[in-house]
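Remarks on the structure that follows.
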Amino acid sequence: VQLQASGGGLAQAGGSLRLSCAASGRTFSRYAMSWFRQAPGKERSFVTAISMSGTELIYADSVKGRFTISRDNAKNTVYLQMNSLKLEDTAVYYCAAGLTFGVEKWRYAYWGQGTQVTVSS
């Protein structure tokens with residue numbers, strides 16, 4: 001599986017951005033999908049994940065109520081809608097695919113190249 005993330009950019013605090021992650025191949029629906037992020041000088045951390053069917057969702061506490069993950073299996077794409085952005089959301093955001101669903105990085109064997117999100121005051 002090859003993943004291509006897009007949609008990052010600059011947003012003001014309180015604003016919104018929508019990230020997309022397009023996957024290659026015909027087996028997209030077999031994979032749980034997730035978003036992680038990495039801020040400068042910090043480890044890559046879990047943001048959110050969605051199960052293969054899209055019926056189960058997990059969010060990090062820091063983004064609950066502000067971010068929404070969704071997927072369109074017909075388009076081989078997962079989305080991350082980010083609202084009420086905060087300065088601390090600034091990071092490189094990575095989408096990832098794995099055959100099991102959960103918050104741990106080790107579950108996700110395939111990673112996109114990352115897209116920069118910068119939130120300004």
Side-chain angles (χ1 to χ4, degrees):
V1 177
Q2 291 186 319
L3 303 173
Q4 180 72 41
S6 61
L10 179 64
Q12 287 192 322
S16 298
L17 282 174
R18 189 193 196 203
L19 306 183
S20 299
C21 177
S24 64
R26 295 177 289 179
T27 58
F28 179 70
S29 61
R30 293 178 55 193
Y31 293 91
M33 299 297 298
S34 63
W35 290 94
F36 287 75
R37 65 186 180 186
Q38 187 167 17
K42 295 189 176 181
E43 291 188 359
R44 194 172 300 188
S45 63
F46 174 80
V47 177
T48 181
I50 187 167
S51 63
M52 293 69 164
S53 63
T55 56
E56 296 178 81
L57 310 174
I58 312 173
Y59 293 96
D61 287 344
S62 58
V63 305
K64 275 182 185 175
R66 300 188 299 119
F67 289 12
T68 303
I69 189 171
S70 62
R71 66 189 295 161
D72 186 336
N73 285 346
K75 295 183 178 180
N76 285 9
T77 303
V78 63
Y79 304 97
L80 180 62
Q81 178 66 44
M82 305 186 294
N83 298 330
S84 302
L85 284 163
K86 303 178 179 180
L87 297 179
E88 52 266 39
D89 294 322
T90 295
V92 177
Y93 283 71
Y94 297 89
C95 59
L99 292 176
T100 59
F101 174 64
V103 306
E104 300 87 353
K105 284 193 289 289
W106 60 261
R107 294 183 181 274
Y108 301 96
Y110 305 97
W111 292 79
Q113 85 288 0
T115 184
Q116 176 70 47
V117 171
T118 303
V119 183
S120 64
S121 58

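The shown structure was predicted, so the numbers you read here are calculated from the model rather than taken from an experiment.
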Side chain to side chain contact (heavy atoms under 4.5 Å, CB included) assessment of Ser62 paired with Arg37: CA-CA 12 Å; Ser62 58; Arg37 65 186 180 186; 3.5 Å; yes

Specify the closest pair of heavy atoms between Leu87 and Ser120, including all atoms of both residues, with the distance to one decimal. CD2-C, 3.6 Å

In terms of hydrophobic clusters joined by side-chain contacts under 4.5 Å, are Val92 and Leu10 together? no

What pairs with Phe46 under ring-ring contact (aromatic ring centres under 6.0 Å, His included), at least two apart in sequence or on another chain? Phe36

Partners of Thr118 by side-chain hydrogen bond (donor to acceptor under 3.5 Å, both in side chains), sequence neighbours excluded? Gln116

Measure the SG-CD distance between Cys95 and Gln113 for me, rounded to the nearest 0.5 Å. 7.0 Å

Is there a path of hydrophobic side-chain contacts, each under 4.5 Å between heavy atoms of I, L, V, M, F, W or Y residues, that connects Phe101 with Tyr31? no

CD-OG1 distance between Gln4 and Thr115, expressed to the nearest 0.5 angstrom: 9.0 Å

From Leu80 atom CG to Met33 atom CE, the distance as rounded to the nearest 0.5 Å: 11.5 Å

For the student: nearest non-hydrogen atoms of Gly7 and Leu17, plus distance: O-CD2, 4.1 Å

Take Tyr93 and Leu19 through the side chain to side chain contact (heavy atoms under 4.5 Å, CB included) test and state the conclusion after the steps. CA-CA 9 Å; Tyr93 283 71; Leu19 306 183; 3.6 Å; yes

Checking the side chain of Ser24 only, and the main-chain atoms of Gln2 only, is there a donor and an acceptor separated by less than 3.5 Å? yes

Search all heavy atoms of Ala11 against all heavy atoms of Leu85 and return the closest pair with its distance. CB-CD1, 3.7 Å

If you group Ile, Leu, Val, Met, Phe, Trp and Tyr by side-chain heavy-atom gaps below 4.5 Å, do Tyr79 and Val63 land in one group? no

Could you measure the distance from the CZ atom of Phe67 to the CG atom of Asn83? Nearest 0.5 Å is fine. 8.5 Å

Considering all heavy atoms, the nearest Ser29-Asn73 contact: CB-ND2, 3.6 Å

State the OG-CZ distance between Ser70 and Arg18, to the nearest 0.5 angstrom. 6.0 Å

Would you name the heavy atoms of Val1 and Ala23 that are closest together and state the gap between them? CG1-CB, 4.1 Å

Check the pair Val78, Trp35 against side chain to side chain contact (heavy atoms under 4.5 Å, CB included), reporting the backbone distance first and the verdict last. CA-CA 9 Å; Val78 63; Trp35 290 94; 4.0 Å; yes

Got a sec, which pairs hit side-chain hydrogen bond (donor to acceptor under 3.5 Å, both in side chains) with one end in residues 96-111, sequence neighbours left out? Thr100-Arg107, Glu104-Arg107

Partners passing side-chain hydrogen bond (donor to acceptor under 3.5 Å, both in side chains) against Asp72 (at least two apart in sequence or in another chain): none

Taking salt bridge (Lys or Arg N to Asp or Glu O under 4.0 Å) as the definition, give me every residue that meets it alongside Arg66, ordered by chain and number, with sequence neighbours left out. Asp89

Show me the donor-acceptor pairs, under 3.5 Å and distance only, between side chains in residues 49-59 and residues at least two apart or in other chains.
residue: Ser51; atom: OG; partner: Gly54; partner atom: N; Å: 3.4
residue: Ser51; atom: OG; partner: Thr55; partner atom: N; Å: 3.3
residue: Ser51; atom: OG; partner: Glu56; partner atom: N; Å: 3.0
residue: Ser53; atom: OG; partner: Thr55; partner atom: N; Å: 3.4
residue: Ser53; atom: OG; partner: Thr55; partner atom: OG1; Å: 2.8
residue: Tyr59; atom: OH; partner: Ile69; partner atom: N; Å: 3.0

CD on Glu43 to CD on Gln38, rounded to 0.5 Å: 8.0 Å

